[in-house]
Amino acid sequence: WPSGPKRLAALLVALATPAAIEVAQLLPALHRTCQAADVVNNSIGVLIGFAVAAGVETVMAAWRRVPQSPNN
């Protein structure tokens with residue numbers, strides 16, 4: 001899980017990927033259709049995934065700061 005500018009770059013790439021896939025489906029040779037709803041749904045999934053990862057990272061960082069008992 002990158003931090004700083006790398007995290008932002010990863011988010012931007014992850015958000016751009018669904019749109020790029022849908023645009024590629026416009027190629028006549030693929031015989032596919034472009035669905036705006038797919039872009040929206042996949043982008044929401046990306047945002048949810050990033051939010052979950054950020055939450056896990058926050059919990060893990062807090063857990064690492066808690067002093068461990070000497071009995072462990």
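Residues take their numbers from the sequence shown, with the count starting at 1. All figures in this text were calculated on a predicted structure; none of them were measured in a lab.
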By the rule that ILVMFWY residues connect when side-chain heavy atoms come within less than 4.5 angstrom, directly or transitively, which residues belong alongside L8? L12

Under a single-linkage rule joining Ile, Leu, Val, Met, Phe, Trp and Tyr whose side-chain heavy atoms are separated by less than 4.5 Å, which residues share a cluster with M60? V40, I44, I48, V52, V56, W63

How about V39 and I21: do any of their side-chain heavy atoms sit closer than 4.5 Å? no

Roughly how far, to the nearest 0.5 Å, is [atom2] of [Y] from [atom1] of [X]?
{"X": "Q25", "Y": "D38", "atom1": "CD", "atom2": "CG", "result": "7.0 Å"}
{"X": "L26", "Y": "T33", "atom1": "CG", "atom2": "OG1", "result": "9.0 Å"}
{"X": "T17", "Y": "N42", "atom1": "OG1", "atom2": "CG", "result": "9.5 Å"}

Looking only at non-hydrogen atoms, find the nearest pair between F50 and A14 and report the distance. CE1-CB, 4.1 Å

Carboxylate-amine/guanidinium proximity below 4.0 Å for E22 and R32: no

